[in-house]
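Here is the structure we will look at.
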Amino acid sequence: MYADVVFPFKLSPLTYKVPEDAPDNLKGRIVKAPLMGKGHYGLIVSARNESLLEKKKNIKMIQEIHHHFASESTLSFMKWLSDYYLSPMGIALKSIFFEEAVNICVKHDVSCIESQRGTKKVANFQHSYKSFLYHAPSISHEYYLLDEVLNRTYPDIHGAVILVPEVSQIENLHDMLKNIFGERLCVIHSKLTKNKRLETIKQIITGQSDIILGTRSAILVPISNISFIAVTSEHSTSYKGEEGLRYNARDAAVMRGFIEKSHVFLSSVCPSVESIYNVKTGKYSPTAPSHIAPQKVENRPKIKIIDSRLKGQKTMTISRDVIKQARDIASKGGRFLFIINTRGYSLIRCEDCGHIAQCNKCNIPLVFYKNRNIVKCHYCGFEQTIHESCEECKGFNIKPFGAGIEKIKEEIEDVLKIKTITLGKDYMPWVIDKDIDAASFAIGTSYTAKKLRDEKFDAIALFNTDWLFTRPDFRAYERTFQEITMLTNILKPDGSLYLQTWYPKKRILRFIKNYDFKTFYEYELLQRKILDYPPFSRIILFNIFMKKNAERSLHDIDEIINNIDKQGLEILGPVDIASPLKSYKYCLQIFMKSKDRKILHSQAERLLIELKKIKGAKINADVDPLKI
DNA sequence: AGCACGCCGACT
DNA sequence: GTCGGCGTGCTC
């Protein structure tokens, strides 16, 4: 008898001999087996009578056989994670908290599956997989729906996972869920300490907790019964992992729901184009709380487009209209938030030749810090005192260019004669739990603004509107719509959002201004269809990292790509990109695109195997990438 | 994960 | 010229 064992390392299953006296239900059990001369804990994923690798003579024997960790559905889910995200099975196993489970199951002699079996009760609600999408008028509405559904069905719920995109959002739902489920609730997120995480996994495995609230990784918890899954703010890019197992927790939630035959509730103030498409094709069902009427546009904050071309003096970043509104709000003691996406004061440009000072290493603009009289690279951290002359034309006519937080702060304080605070510097909404002075004017990046929760402003001015929708990403319009819609959540209902732009006629801005989701999705889906982008096709991105000899490998890579069957498949690249990893100097990128997921995955797997043969190269595969 | 092998910087 | 850094490879 042989068994395939997966270890929680970057490794595919390995074959071992099974002792004669072993129990017969081996699949899903934790075992100890020799690996590199040492005993390691792994998981049996399959058992058979004959070894598939007969040629290998020294197949080793399993040393210990322990309790079950994985049910049939957990194994399917793990297999899906590994196959779909082109990752070794071991990485998938590690990701689903196997090491923590070993610690508990082996040390405390408990079985993951058996201990939870007692809670299993089949209700009507269960065992009928269906995914729903709720397009909510506000984040609060998302929570109301969740509250309503859970309150109505909680006696029937045995095992639930509720996902939020950011750690800071856990507290928004914690009390509500605690009220319904009491001690059954537990919390999982990446910022837990090792011990706390172990303790939480123990509660889950022993069946003390079966309601899990958390970020991304919560969808992977080793719970054998799931009857309900919720994904709040489903459009959020935070659900996509950027390292290790690069899974999208929203997609994993839908797949896990399908495997476990449980209901999946996706909700968002501005759902992803993919999810809207899935409603159109019938994969998801649209839903809304019965008693909440769709919110009228008149009841939402006003969105106003401010034409930058008409702004007052050329040296000012803030337009005259916004200044006027700010003055008005200041006089009433209201609160105003200014959002700009650069920290520091500005960039540096030569007025003679137009050259913008850049970091020699990273090729991105250097940021000027006025008070310290230095320029700094925000990527590598390089700092130097500011040059007197232009590197390019040696001219002395160098000037600040564009605007960062410091410049906006300077302009506001200068014009309005008012004190302002900087988010992230004077005030860290995600760390300190204190209120901003009610009369305050605040300045921050959209990153820091996103962390604000309960604050409500009378007005927000956004200066990076154009940067949002001009990015070279087919999802730029979608992202713009989402980012701006999310901002309206921190405005009072009668508040105003000012979008400063050089392109006031852009149709994306017209959609946003009118909260015209319907036309926006129609337009966006049409564009995606014409250009053959997701959701009409699937994409896998390959990054090839190298320390040196990039040109030499280029030939090998071309050769590999030539040998790939391109039937129903499109391959773009390889193209040189700035290496996103600091330990590698070079990075080549390959785009693989297909309408057929099966074709895409089978060829991607082949490509990956071939690319891994290139010596000295590190390969990353990113399935359904969000950052293009 | 952990252990072995391998190629570039400061030392007797 | 060698010692040793850790970056990459392999494990049934």
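Throughout, protein chains are lettered first and strands after them, A, B, ... in sequence-line order, and every chain is numbered starting at 1.
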Using a 4.0 Å heavy-atom cut-off across all strands, classify [X] as base, sugar-phosphate, or nothing.
| X | value |
| --- | --- |
| A:Phe9 | base |
| A:Lys618 | nothing |
| A:Pro34 | sugar-phosphate |

Worksheet item: Parallel under 30°, tilted from 30 to 60°, perpendicular over 60°: which one fits the rings of A:Tyr85 and A:Trp80?
Response: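 Judged by the thresholds at 30° and 60°, the geometry between A:Tyr85 and A:Trp80 is perpendicular.
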Could you check how far [atom1] of [X] sits from [atom2] of [N], rounded to whole Å?
| X | N | atom1 | atom2 | result |
| --- | --- | --- | --- | --- |
| A:Leu14 | B:dA1 | CG | C1' | 13 Å |
| A:Lys60 | C:dC12 | NZ | P | 4 Å |
| A:Leu35 | B:dA1 | CG | P | 12 Å |
| A:Phe98 | B:dA1 | CZ | C1' | 13 Å |
| A:Ile614 | C:dG9 | CD1 | P | 12 Å |
| A:Lys38 | B:dA4 | NZ | P | 12 Å |
| A:Lys612 | C:dC10 | NZ | P | 12 Å |
| A:Lys17 | C:dC12 | NZ | P | 13 Å |

Practice prompt. Report yes or no: is the cationic atom of A:Lys261 (NZ for Lys, CZ for Arg) under 6.0 Å from the centre of the six-membered ring of A:Phe258, at an angle within 45° of the ring normal?
Written response: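 Yes; both conditions hold, so A:Lys261 lies above the ring face of A:Phe258.
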Item to complete: For a ring pair (Phe, Tyr, Trp, His ring centres under 6.0 Å) with A:Phe69, tell me which candidate from A:Phe97, A:Tyr41, A:Phe98 qualifies.
Response: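 The residue from A:Phe97, A:Tyr41, A:Phe98 that satisfies ring pair (Phe, Tyr, Trp, His ring centres under 6.0 Å) with A:Phe69 turns out to be A:Phe98.
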Worksheet entry | Donor-acceptor under 3.5 Å (A:Ser537 side chain, A:Asp532 main chain) |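 Here the side-chain-to-backbone pair exists.
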